[in-house]
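Take a look at the structure set out below.
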4 protein chains.
Amino acid sequence: MKIGMIGLGRMGGNMADRLRAGGHEVVGYDLDPQSGRDVDSIQALVEALETPRIIWVMVPAGKPTQSTMDQLASLLSDDDLIVDGGNTRFADDQMHARMLEPKGIHLVDVGTSNGIWGKEKGYALMVGGTDQDVERVMPILQTLKPEGENGLVHAGGTGAGHYTKMVHNGIEYGMMQALAEGYAVMDASDLVKDPGQVMASWREGSVINSWLLDLLVKALKEDPGLKHIAGKANESGEAKWMIEDALELGVPTPVTTASLYARQDSQIADPTTMKVVSALRKEFGGHPVEQE
Amino acid sequence: MKIGMIGLGRMGGNMADRLRAGGHEVVGYDLDPQSGRDVDSIQALVEALETPRIIWVMVPAGKPTQSTMDQLASLLSDDDLIVDGGNTRFADDQMHARMLEPKGIHLVDVGTSNGIWGKEKGYALMVGGTDQDVERVMPILQTLKPEGENGLVHAGGTGAGHYTKMVHNGIEYGMMQALAEGYAVMDASDLVKDPGQVMASWREGSVINSWLLDLLVKALKEDPGLKHIAGKANESGEAKWMIEDALELGVPTPVTTASLYARQDSQIADPTTMKVVSALRKEFGGHPVEQE
Amino acid sequence: MKIGMIGLGRMGGNMADRLRAGGHEVVGYDLDPQSGRDVDSIQALVEALETPRIIWVMVPAGKPTQSTMDQLASLLSDDDLIVDGGNTRFADDQMHARMLEPKGIHLVDVGTSNGIWGKEKGYALMVGGTDQDVERVMPILQTLKPEGENGLVHAGGTGAGHYTKMVHNGIEYGMMQALAEGYAVMDASDLVKDPGQVMASWREGSVINSWLLDLLVKALKEDPGLKHIAGKANESGEAKWMIEDALELGVPTPVTTASLYARQDSQIADPTTMKVVSALRKEFGGHPVEQE
Amino acid sequence: MKIGMIGLGRMGGNMADRLRAGGHEVVGYDLDPQSGRDVDSIQALVEALETPRIIWVMVPAGKPTQSTMDQLASLLSDDDLIVDGGNTRFADDQMHARMLEPKGIHLVDVGTSNGIWGKEKGYALMVGGTDQDVERVMPILQTLKPEGENGLVHAGGTGAGHYTKMVHNGIEYGMMQALAEGYAVMDASDLVKDPGQVMASWREGSVINSWLLDLLVKALKEDPGLKHIAGKANESGEAKWMIEDALELGVPTPVTTASLYARQDSQIADPTTMKVVSALRKEFGGHPVEQE
């Protein structure tokens, strides 16, 4: 197939490479002139494609995606199709679809996993949209996905691709934190000689066998005790969105929430909650407080 | 009554003062010669009392209390009675009672609240021991307690005094953290002009009316924004013990636990769990990590 | 002052009574003909007031409030003022204000606490709006509030009244759960004879002295062991909204969240998460599962 | 090697089979005469082995293990070695070692994973004890472990085997709960057509690729929607012990704790905490409560 690709960063660029290697023709555009882009504007990209067009958008979620959608809404025509392959919030997908629908422009949302490993091994793809629209982009999806029967799912209507990717990442948060707590306890205990060695042993025959375990063992071999990594972890939005939707659904997600809070805590240098607790301890108990 | 008091620090010294003001005779001992002690050894204290003796022990929990119990076990006689007014873990009370029982020495455990306010307003007392033993020390308890019908309870057998004090402090942790979270959210929101003023308004007519709220309003008046207090809070053991016993009882205590973890987190400069999470993010996603 | 009151249920009816007792003239309307309403439609209520009008809306949050706002938007004129005294989400206040503003209609949002006690003792009031608008309704607020210097705060611009009420309720959730966990642990332990008696003792001289403690002691006297109350608790939205805003602000609120999850859990008869955990235990360990 | 095996249940029996298939001689004993035991008492088992003996104990943790240890202490001689392959708490291992040491009896503690899959594929083994003792039982461990370089670790001194198994299971709890929450959210959302299909797709190319994911996909294929499994999950002690040790170490483990609490909650029909919350809501707000 011939498609347009907007966004040629680490993710988009690798995807374009994998698509070309798979026999597709890709017209690439990126804001950055050094990106190896084929055209120097979105308008030029639109003009370079025959109708009905398929354009894969792979730009950061939020304003960059919104701005791209707005431009495409004014440039595309009836029966053109946009794939949003970024990390857009599912509610925004639904808003975009409502904006595009009167112009006859179709939207498919695709959540992707496997980050830096995807170019070589394929990307796990979670897809939202109508049956017809998903069918239409299937040749591209088949090239991007990993080999084998798994790695691709049409999860539901518009937004379902990003929704299930969001849930995937929420699970990822919990699994990572579970491994982290286990490591931290062994690390703190005098009883365990080498927590990294213990974790390596679990790669065979244990219930927690997983890719994340493999990666942690690798990281611990490269940097025993993780001495060169700071105890701060970022969050990227998906776990937060999953918790917010779970709150509305009335489904308690204590582990996902605890995982997110641990990351948020690690970013806060001087937590206000602890200022309050410390101030109260001083008031009622005369406990000394650390002054600032 | 005439009693001995071992430990004349902030708590024990104030209690001795309140007891003397209430007409009791107190023979005081403390390790510190500057403490205003009446005698200079535990042996001298024991000798200064007529049998059957009553001795109130008000020293730090753990080794100091253990050492005092060991000494008293060898110095006291049949029918003497020890009151442990410190923060001993309830399981240790029961161990002490088993050690003292063959020698005919009685043990009453008393948990106390109201810290620095107690000398003037009285101490809330939670008492564990047999009916007879508690009856025997009742004149002292009546003097130490606040006025009114409340502020004193015979909670159960040996250990029940410290057990209920432990639960009291666990509740205290949760209440403090609840207030702290509410303050922190208002403080972070652009919408609220002055969180301290809002909290002050809640002192009348609101469901969360409480002494802790009063104290927080006071602290916020003295130091608006709590700018001079560091975001670190200590823990003193009781909430931890409550959680441990709740784990054994199979009673989930998520709020007490979250309150304790928040304090523990605030003491950890570079959390190992977040090193692991950050290392994993780097491994699978190529996310940049902060180096140390 | 003369005002209109829409909604004469438990809250609105009592407020109208308190206002009349305070010398104000209240024209009341309610959907229910049995409510003691003065007029039988919102239009009639609007016509019964002289411009510029003040109308207090005291109807359930969500659709009833939205529908009332929509009707008032079409009936009111320049310089009229609506007070939303219900439990509207702060983001909805801001949406209502944007809808009303082009017509010159003013909005003040008021969060109220003290439920069934307010008629007699006054309502704690948290108020959002411009200085001029809040000043304009001050005579009504002064009558509704409790006596004394506290119980009323102008928290900030539009939405700040409901925002701070939302935070108030979030704190309330945490405090209630803290008390509940303490009671549950004592109730489960063999060591404590009568948890209700212990809690009663804490009403004097203890750090956790609070109105909620008083109420719990009262409830335990009326129904020792709470044998006649089911172990299910509802949630009313505010704690959830507070958590959602805290998630966006990046302020961890583990205690508020744990309190909400405990209530949600209590409403779920057959939790899907535990089905999954149980299915997994069966798969890897051959552990027996309960069949349905 | 020739060893004794006490306990021929699902775990012990399969291990004896795997050991015999690996060329070892196993004298088996079990309380149950139908177990296929070789001897009908522990004494007979001890007499059937030449000194210095090696005896693998594979009985339930707690009293059965304690009773077995007590009997072996009186029957074994200098230089005999006991392997405790059960789920004993690490602190109990250390107590057992202190009891056996004066008699010259050695103790090695082994935590095992892989439950019902172990007979065929091997057991992941985590081992605690001295270098010499672990070396002595290495031929047995090599036969029991899975093929490959992983699946066996000498984690540290006495107790370290069960300690690391305990941590392994704590991690397992968190991972299972993370998967469960993700499934439950997708199941509750209208947006996702078939959560089981989504999870199946994640088996390739996704970060959360894991054996637990494979098992969940299998369970969902056998019983779509898990309609035949009750929403109750048991706990087996290890996660609780890990949390208790983490509390003492000052390492917050919010995800492990939340996972355990979710299981405990699922076992409690009528939670006392929610009775309290509900009673309080009735007291201050007149909210209706469900009666019992």
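The model shown is predicted, which means the values in this text are computed figures rather than measured ones. Residue numbers start from 1 in every chain, and the chains themselves are labelled A, B, ... in the order their sequence lines are given, proteins ahead of strands.
Among D:Gly128, D:Ala200, D:Gly170, D:Ala262, the residue with the largest count of heavy-atom pairs under 4.5 Å with chain A is D:Ala200. Contact count versus chain A (heavy atoms, under 4.5 Å) is highest, among D:Pro195, D:Gly182, D:Gly174, for D:Gly182.
Smallest separation of non-hydrogen atoms from A:Met175 and D:Ala178: N-CB, 3.8 Å. Taking every heavy atom of both residues into account, D:Val198 and A:Ala155 meet most closely at CG2-CB, 4.0 Å. Of all heavy-atom pairs between D:Glu204 and A:Glu147, the closest is CG-O, 3.6 Å. Minimum heavy-atom separation, D:Leu191 to A:Thr158: CD1-O, 3.7 Å. In plain terms, the two heavy atoms of D:Trp202 and A:Thr164 that are nearest each other are CZ2-O, 3.3 Å. Here the shortest heavy-atom pairing between A:Pro146 and D:Gly205 reads CG-CA, 4.0 Å.
The distance from the CE atom of A:Met166 to the CE atom of D:Met186 is 9.5 Å, given to the nearest 0.5 Å. Note that OG of D:Ser206 and CD of A:Glu172 are 8.0 Å apart. Values are rounded to the nearest 0.5 Å. Note that CD1 of D:Ile171 and CD of A:Gln177 are 11.0 Å apart. Values are rounded to the nearest 0.5 Å.
Within a 6.0 Å radius of CD in A:Glu135, no more than 12 heavy atoms belonging to other residues, nucleotides or ligands are found. Annotation for A:Glu120: atom CD does not count as buried by contact number, only 12 or fewer foreign heavy atoms lying within 6.0 Å.
Of all residues in residues 84-98 of chain D, those placing a non-hydrogen atom less than 4.5 angstrom from a non-hydrogen atom of chain A are D:Phe90, D:Gln94. Applying a 4.5 Å heavy-atom cutoff, the residues of residues 208-215 of chain A that approach chain D are A:Ile208, A:Asn209, A:Ser210, A:Trp211, A:Leu212. Contact annotation for residues 229-236 of chain D against chain A (heavy-atom separation below 4.5 Å): no residues qualify.
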D:His168 vs A:Val207, side-chain contact (heavy atoms from CB on, under 4.5 Å): CA-CA, chis, key distance, verdict: CA-CA 9 Å; D:His168 172 277; A:Val207 172; 4.1 Å; yes
With a 3.5 Å cut-off and sequence neighbours excluded, list the donor-acceptor pairs that the side chains of residues 245-257 of chain D form with protein atoms.
from, atom 1, to, atom 2, distance (Å)
D:Asp245, OD2, D:Tyr163, OH, 2.6
D:Glu248, OE1, B:Lys240, NZ, 3.4
D:Thr253, OG1, B:Tyr261, OH, 3.3
D:Thr253, OG1, D:Thr257, OG1, 3.4
D:Thr256, OG1, A:Glu181, OE1, 2.6
D:Thr257, OG1, B:Tyr261, OH, 2.7
D:Thr257, OG1, D:Thr253, O, 2.7

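The contact between D:Ser189 and chain A is made by backbone and side chain atoms together, counting heavy-atom distances below 4.5 Å. Residue D:Glu149 does not touch chain A at all, counting heavy-atom pairs closer than 4.5 Å. Using a 4.5 Å cut-off between heavy atoms, D:Met199 touches chain A through its side chain atoms alone.
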